[in-house]
Amino acid sequence: MAQATARHILVDSEAKCEELKKAIEGGQDFAEVAKQHSSCPSGRNGGDLGSFGPGQMVPEFDKAVFNSELNTVLGPIKTQFGYHLLEVTSRS
């Protein structure tokens, strides 16, 4: 079964998500931005979600994680939890 590792940042608005994405694309460290801004408990660990397979995350995540380029900041991705920036760090 396919496995991926990823990290994410969860915020409550699309505008905030866009602002943070621009900051990361401008050179800010993803993990530091996650620690400062993510409302998900994973933010304490730089947004690290660990390793997971298809179906273990919400469908919007699955689609992005298993169909996108590695090490690219994706988003905003809207889920029932809010707006996410997502970076897939590995996939097998």
Side-chain angles (χ1 to χ4, degrees):
M1 178 189 287
Q3 288 286 302
T5 59
R7 54 189 184 169
H8 83 131
I9 298 169
L10 174 63
V11 294
D12 61 2
S13 76
E14 188 172 7
K16 183 67 172 178
C17 208
E18 290 284 3
E19 176 188 320
L20 296 177
K21 184 175 184 178
K22 285 179 184 158
I24 293 165
E25 289 173 342
Q28 286 195 22
D29 181 65
F30 190 103
E32 286 304 314
V33 173
K35 287 177 186 175
Q36 293 174 16
H37 298 280
S38 185
S39 62
C40 180
S42 70
R44 289 189 300 269
N45 300 320
D48 186 15
L49 295 170
S51 179
F52 53 90
Q56 291 185 280
M57 299 289 179
V58 293
E60 299 90 345
F61 258 51
D62 266 12
K63 182 178 179 185
V65 168
F66 293 100
N67 295 293
S68 64
E69 288 185 42
L70 295 177
N71 303 308
T72 300
V73 179
L74 309 170
I77 298 169
K78 187 177 187 321
T79 71
Q80 73 259 34
F81 303 106
Y83 294 86
H84 307 257
L85 292 179
L86 177 65
E87 182 182 43
V88 183
T89 52
S90 73
R91 190 171 45 237
S92 59

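As a basis for the values below, the full set of heavy atoms in this structure was taken, side chains included, without hydrogen atoms, waters or symmetry mates. All values derive from a computational prediction rather than experimental measurement.
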(request) For atom CG of D29, decide whether the heavy atoms of other residues, nucleotides or ligands shown that lie under 6.0 angstrom number more than 12. (result)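 Atom CG in D29 is crowded, with more than 12 foreign heavy atoms closer than 6.0 Å.
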
(request) Give a yes or no on whether E25 atom CD has more than 12 heavy-atom contacts from other residues, nucleotides or ligands under 6.0 Å away. (result)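 Yes - once you tally the heavy atoms of other residues, nucleotides and ligands closer than 6.0 Å, there are more than 12.
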
Roughly how far apart are [X] [atom1] and [Y] [atom2], rounded to 0.5 Å?
| X | Y | atom1 | atom2 | value |
| --- | --- | --- | --- | --- |
| E14 | K21 | CD | NZ | 10.5 Å |
| Q28 | L20 | CD | CG | 8.5 Å |
| R7 | L86 | CZ | CG | 10.5 Å |
| L74 | E69 | CG | CD | 8.5 Å |
| Y83 | I77 | OH | CD1 | 12.5 Å |

With a 4.5 Å limit on heavy-atom distance, are the side chains of [X] and [Y] in contact?
| X | Y | value |
| --- | --- | --- |
| N71 | T89 | yes |
| S42 | D48 | no |
| M57 | V65 | no |
| I9 | I24 | yes |

(message) Checking the side chain of T5 only, and the main-chain atoms of S51 only, is there a donor and an acceptor separated by less than 3.5 Å?
(response) no

Check for me, please, whether [X] and [Y] land in the same ILVMFWY cluster - side-chain distances under 4.5 Å, paths through other members count.
| X | Y | value |
| --- | --- | --- |
| L10 | L85 | no |
| V88 | F30 | no |
| F81 | L49 | yes |

(message) Under a 3.5 Å cutoff, is there a donor and acceptor pairing between the side chains of E60 and T79?
(response) no

For the student: nearest non-hydrogen atoms of [X] and [Y], plus distance:
| X | Y | result |
| --- | --- | --- |
| K63 | N67 | O-ND2, 2.8 Å |
| P76 | E18 | CD-OE2, 3.3 Å |
| F52 | F66 | O-CZ, 3.9 Å |
| H8 | S38 | O-OG, 4.3 Å |

(message) Taking E19 first and then K22, would you say they form a salt bridge - that is, a charged N and a carboxylate O separated by under 4.0 Å?
(response)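 The answer is no: the pair does not qualify as a salt bridge.
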
